[in-house]
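Below: one structure, written as structure tokens.
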Amino acid sequence: MNSYAAFLNPGKRISNLIMKKLNRIEKSFEDSSSTSTPFLYQGDDETAYYLKRIRLQFASSVAFDIKIFEVKFKPIIEFRWNRKNPIGWQNYKKFH
Amino acid sequence: MHKKVILLILVLMSHQLLAARIPKNWLGKNEISRTFSKEDNLSLEKSYQNLLQTQEDVFSKAVLNDNRNWYLQSIFTEIAVEAEGEFGILAGGGEAALEFVWIRKAGQSVLNTKINSKDPIEDDGEIPSLEIRSEMNEESIQREIEPIAQIALASGFIKNKNKLLRNLINQAKEFQTVIRDIENSPVLGPWYAYKYQLELYVSAEGEISLINLGASVRLRMEWWRLQKIKSQNIVSPYRPMELSPNATFVSHLAEDLKVLNQVNLENDFKLNFMKIGIGKTVKGNLIIAKGKSKIVGSLFFRRDEVKPEHFTEPKLDFDEQPYALVENDEIVQIKRPAMKQALIKSSEILKFFTNKAKSKKDSLFELNVIEGEFELFTTGNVGLVTIGGSVGVTLFATRNVII
């Protein structure tokens with residue numbers, strides 16, 4: 001999209017900026033992916049604590065200050081990554 | 001990290017909606033009364049519904065591009081209460097009193113298979129190739145934390161990765177010591193601790209802080225409690241004297257949360273999740289941390305909705321020891337009956353907001369989570385946190401999602 005089109009469509013402009021950031025982060029996940037990720041703490045044979053979610057929130061930058069739908073928004077963006085449980089393990093519940 | 005979800009958080013800057021004040025006793029500083037006048041109620045109700053309606057209308061006009069491997073899954077807004085009780089959308093820094101998560105409805109996108117309101121929040125899938133070992137040593141902690149430092153670097157906000165990595169590893173080790181004790185707390189039910197969240201603010205130089213000091217990135221890491229799929233999780237309780245002080249602390253909280261069982265919310269909302277900030281004394285004992293400066297992390301409790309028939313709750317006869325609470329660098333006490341009273345009042349305030357939160361059938365996003373942030377007072381009083389206040393307890397009203 002050229003810059004004039006982006007100016008006319010601020011929603012797409014935000015999308016493009018987010019996409020650029022997301023692509024960089026995704027690449028870093030690919031570079032550092034591992035199949036050997038143990039629990040941070042295993043209390044006994046039955047339960048354990050496991051890093052399952054990472055959330056990263058960016059304060060908005062000037063570039064994101066933009067007007068959409070006649071209301072001025074100041075977006076803050078948060079990415080969340082969830083990781084599946086290891087085989088044979090599930091989220092703790094008292095009753096199943 | 002197999003599943004990626006993007007949240008676009010929009011902090012509205014309009015001040016047109018700042019029209020009402022919350023009842024004074026909802027600030028929690030003076031009165032313990034849980035009632036408020038009809039006039040107050042009508043004014044707040046009108047303002048609140050106007051606010052919900054405006055957000056829903058704005059979000060329904062969003063132009064979404066689904067032709068990507070990522071998608072807008074939810075929108076998050078924050079509501080603040082000023083010192084005198086004025087109620088409106090958070091425009092700058094400070095504590096939010098209410099946080100709303102609007103999740104995109106199933107059926108409103110070409111990516112129906114991806115956008116399932118339950119799916120992004122809890123994922124019980126498995127990674128077949130993942131190797132399991134017992135407790136991590138420093139080297140394996142580093143391997144675990146490395147990708148996190150890497151994504152922070154990739155965000156473009158962080159410059160010093162090595163310093164960040166060192167700081168994060170230290171925090172993870174600190175967490176290990178905390179959960180050693182938490183893990184030993186017996187689950188008596190129906191409430192139990194199910195995850196631990198570490199919230200950090202990371203500066204460009206890789207320094208980490210528990211409070212937001214300006215230009216920084218907020219990083220939250222969540223360690224979830226897992227269990228073996230075939231495990232028998234209803235274990236015999238320990239005897240109280242066999243529990244460590246921290247296991248007792250967690251068991252007390254879980255027991256006191258039972259007072260929330262009597263609260264019924266409307267519009268399909270459930271009150272099944274609670275978060276509390278915890279700190280540590282010099283001896284390593286857990287205490288309730290009011291505000292963020294002394295917090296070492298947040299402990300989340302949940303309640304399962306399904307309970308087997310004919311199940312009798314095991315009970316431990318604990319001493320009625322008060323909780324320790326850190327406030328303005330001082331350790332004070334809050335008695336357990338006062339804590340229960342605070343929980344009930346918090347839930348009744350939250351009930352006001354859930355009972356007015358009907359959603360339109362044809363909307364693109366649905367309000368699925370209302371997070372109420374409350375300030376605790378040692379008298380047992382509690383109130384919605386004001387912009388400059390300190391959060392003690394967070395209650396979550398949710399519908400159709402696990403947080």
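Computation of the quantities below employed the complete heavy-atom set of this structure, encompassing side-chain atoms and omitting hydrogens, waters and symmetry-equivalent molecules. Computed from a predicted model, the values in this text were never measured in an experiment. Just so we're on the same page: letters track the sequence lines, and every chain starts at 1.
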Discussion item. Counting only non-hydrogen atoms closer than 4.5 Å, does B/E199 touch chain A with its backbone (N, CA, C, O), its side chain (CB onward), both, or neither?
Written reply: neither
Worksheet item: When rounded to the nearest 0.5 angstrom, what is the spacing between OH in B/Y194 and CG in A/N91?
Response: 9.5 Å
Item to complete: Drop me the distance from A/W89's CH2 to B/K228's NZ, to the nearest 0.5 angstrom.
Response: 5.0 Å
Worksheet item: If you look at every heavy atom in B/Q227 and A/K93, which pair is closest and at what distance?
Response: OE1-N, 3.1 Å
Item to complete: Measure the CZ-CZ distance between B/R218 and A/R55 for me, rounded to the nearest 0.5 Å.
Response: 7.0 Å
Fill in: B/R220 side, atom CZ; A/R53 side, atom CZ - distance, nearest 0.5 Å
10.0 Å
Worksheet entry | Exercise: identify the closest heavy-atom pair between B/W223 and A/Y49 | O-CD2, 3.8 Å
Fill in: Rounded distance [0.5 Å steps], CG in A/L56 versus CE in B/M221
10.5 Å
